[in-house]
Amino acid sequence: MKKEFEVAYIPVGVGTFHLESAQKLMDGSAALLRSLADNVKVPAEMLLTADLLDEYLEGLDPDLIVFQNLTFANGAYMSRVLAKFDCPILLWTLREPVIDGTRLRLNSLTGAFSAANAIKAFRSEPFEYLLASPSEEAARRKLEATIGAAKAKFMMKRLRLAAVGHTPQGFGFGRALDLDLLKHFGVELLSIESRELIDRAKAYSDEEMAEYLADAETRTVGLQETPERNRKDFARLYRAYKEYVEENRVGALASRCWPDFFTAFGTPVCTVLGILNDLGVAASCEADAYGALSMYLCRSLTGMPAFFGDPVSVDEAENTVTFWHCGMAPCSLAREDTGAVIGEHCNRHIGPTLEFGCRASETATIFRIGRNADGSFRFFIAEGRALDKPKQFYGTSVVVETKADAGALIRRSVSEGWEPHFAVAYGDIADELEALAHMLGMDCVRA
């Protein structure tokens, strides 16, 4: 049976503190967790002894542990958890319910110091920490972000990422090795040559393309204006890619594009990749595997496809960065006044490619999985909002007003050697991505 993502709530304490206060906070904490995740394990009672803790742990298979000091408890409680499970941990400290010069009701904070000391002795990667009562909005937001990150980590272990062809010369930053992806992210890498999908596409007859053309016409504007041969060859590519990802259960895809699809096939793959994003497959171009994985995480956390492109223009007065690519953005991100317009490639003058500015969003997150010079992985995260702007150049574009100084953000990311491709998520997922970096033991730059 397929495993379901599981959150384990572990509320510990000792019986010498104010248990009425502790029980009330346990009930509130459990209710909050259950409102944020579907499968939350909660003990029938407070875990006030090591024996009760051991008995409860036997029934768990967690993907995230929320360890809470209802009252003070020494480090042995956390040590028992660490010895049994290797999954992300959020350590939750409760505020003292009453400060009136009399009894210390809980002493949760001292218990947190003991638990944290045990975690650091066992693990090198950071853990998540929360100091709040369950009624506080800060508690909801931190738990929501941590659960989202842990679920994304869980989903990556079930992800198949397909690399179609090789990165062009000079674009090696996007090339992934199967063992790297599996070791550091839990992702399985599939590899196929672009010519294999081209040959597959060539084998389809015109009659077999009708439903794919009809589907694409419902998603785009002006496809009928593309020359007939290119229109039909686009439909062939669409079918070849769609069937390949379905047959192989592919959730993310990094496809080579130029020059092969212009020179060996005569029709670009850009629009196919844009539609795949709307079908739930995070698809990048220029064979950028880490770009595709960045897009996949954005989609996992927002439920929406992400934009993929290069930062090509900075407006310091407007505090914006324009992200652009040749024409493969998800059709669903197109501005409503234009829709997903079809055009031709800006350099090769062959279509169909996509030509539109992306719609506005009050929240947006710029994200990239990159690598340090020593080969270790790092996350780049910046927050902002997508503005209501028309297409900035031939191709597809989105203009992001950044929370940080846009000019400084660009100068920093260039001077630190970040890769030239970024994902732009439609939503505020910066906290989730930072928590995920912690869970994976990776550096995180939050601009």
Side-chain angles (χ1 to χ4, degrees), residues 1-8 37-39 60-66 81-82 84-90 119 122-128 145-164 173-192 245 248-254 280-284 287-303 305-306 308 367-372 374-381 419 423 425 429 431-444:
M1 187 170 66
K2 193 173 181 180
K3 184 185 182 316
E4 185 180 356
F5 175 72
E6 179 179 306
V7 178
D38 294 331
N39 184 27
L60 301 180
D61 184 16
D63 302 290
L64 172 67
I65 288 169
V66 178
V81 173
L82 292 164
K84 191 170 182 64
F85 303 117
D86 182 18
C87 67
I89 293 174
L90 183 142
I119 296 173
F122 269 75
R123 297 185 175 183
S124 58
E125 67 269 23
F127 59 91
E128 299 305 302
T146 305
I147 290 169
K151 191 168 186 179
K153 183 175 184 288
F154 171 83
M155 294 298 293
M156 279 196 294
K157 292 180 180 179
R158 287 141 185 83
L159 173 63
R160 284 181 154 190
L161 190 156
V164 180
F173 59 83
R175 190 175 304 163
L177 298 177
D178 50 3
L179 292 180
D180 278 349
L181 278 174
L182 192 60
K183 175 182 177 181
H184 297 285
F185 299 96
V187 173
E188 180 183 358
L189 178 66
L190 307 180
S191 298
I192 184 173
V245 300
N248 293 280
R249 296 178 287 109
V250 170
L253 180 141
V281 179
S284 69
D288 184 352
Y290 293 112
L293 185 55
S294 300
M295 296 172 77
Y296 173 82
L297 289 174
C298 290
R299 183 182 186 92
S300 296
L301 292 167
T302 64
F308 172 83
F367 176 55
R368 172 74 201 189
I369 298 171
R371 303 195 82 160
N372 291 305
D374 63 3
S376 60
F377 289 94
R378 58 181 179 170
F379 281 20
F380 179 94
I381 306 167
E419 296 81 350
I429 54 171
D431 290 344
E432 285 87 342
L433 291 169
E434 184 174 10
L436 180 59
H438 294 165
M439 294 173 187
L440 297 172
M442 295 176 184
D443 294 340
C444 183

- request: Apply side-chain contact (heavy atoms from CB on, under 4.5 Å) to Ile65 and Lys84, showing your working.
  value: CA-CA 12 Å; Ile65 288 169; Lys84 191 170 182 64; over 6 Å; no
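- With respect to Asp63, the salt bridge (charged side-chain N to carboxylate O under 4.0 Å, His left out) criterion is satisfied by exactly one of Lys157, Arg158, Lys3: Lys3.
- Asn372 places no side-chain N or O within donor-acceptor distance of the main-chain N or O of Asp374, the cut-off being under 3.5 Å.
- Taking the side-chain hydrogen bond (donor to acceptor under 3.5 Å, both in side chains) definition, one finds that Arg378 meets it with nothing, sequence neighbours left out.
- Interatomic distance, Ile119 CD1 to Ile89 CD1, rounded to the nearest 0.5 Å: 4.5 Å.
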message: Between Leu440 and His184, is the side-chain contact (heavy atoms from CB on, under 4.5 Å) condition met? List the steps.
response: CA-CA 7 Å; Leu440 297 172; His184 297 285; over 6 Å; no
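- In this structure, Leu64 and Glu128 have side chains that are not in contact, with every pair of non-hydrogen atoms separated by 4.5 Å or more.
- For the residue pair Ala287 and Ala254, the shortest heavy atom distance occurs at C-CB, 3.7 Å.
- Thr302 contributes a side-chain N or O that, together with a main-chain N or O of Cys298, makes up a donor-acceptor pair within less than 3.5 Å.
- Side-chain contact check for Lys151 versus Ser300: every heavy-atom pair is 4.5 Å or farther apart.
- The shortest side-chain heavy-atom distance between Leu159 and Phe185 does not fall under the 4.5 Å cut-off.
- Distance check, rounded to the nearest 0.5 Å: CE of Met439 to CD of Glu125 gives 10.5 Å.
- Comment: Asp288 engages Arg368 in a salt bridge, judged by a side-chain N to carboxylate O separation of less than 4.0 angstrom.
- Considering only heavy atoms from C-beta on, Thr146 stays 4.5 Å or farther from Pro88 through its side chain.
- Checking side-chain atoms of Asn39 against main-chain N and O of Phe5 turns up a donor-acceptor pair under 3.5 Å.
- Contact record, Gly291 with Phe308: CA-CE1, 3.9 Å, taken as the closest heavy-atom pair.
- Heavy atoms only, all atoms of each residue included: Glu6 and Asp61 are closest at OE2-N, 2.9 Å.
- The two residues Ala252 and Ala292 come nearest to each other via the heavy atoms CB-O, 4.3 Å.
- You'll find the side chain of Met442 stays beyond 4.5 Å of the side chain of Ile369, heavy atoms only.
- Inter-residue side-chain proximity for Leu189 and Leu182 is flagged as unmet; no heavy-atom pair is nearer than 4.5 Å.
- For the pair Leu293/Met156, a side-chain contact is recorded, criterion being any heavy-atom separation below 4.5 Å from C-beta on.
- What you find for Ala149 and Leu301 is that their closest heavy atoms are N-CD2, 4.2 Å.
- The shortest side-chain heavy-atom distance between Leu297 and Ile429 does not fall under the 4.5 Å cut-off.
- Across Phe173, Tyr296, Phe377, a single residue satisfies ring-ring contact (aromatic ring centres under 6.0 Å, His included) together with Tyr290, and that is Phe377.
- Among all heavy-atom pairs drawn from Arg160 and Glu188, the shortest one is NE-OE1, 3.1 Å.
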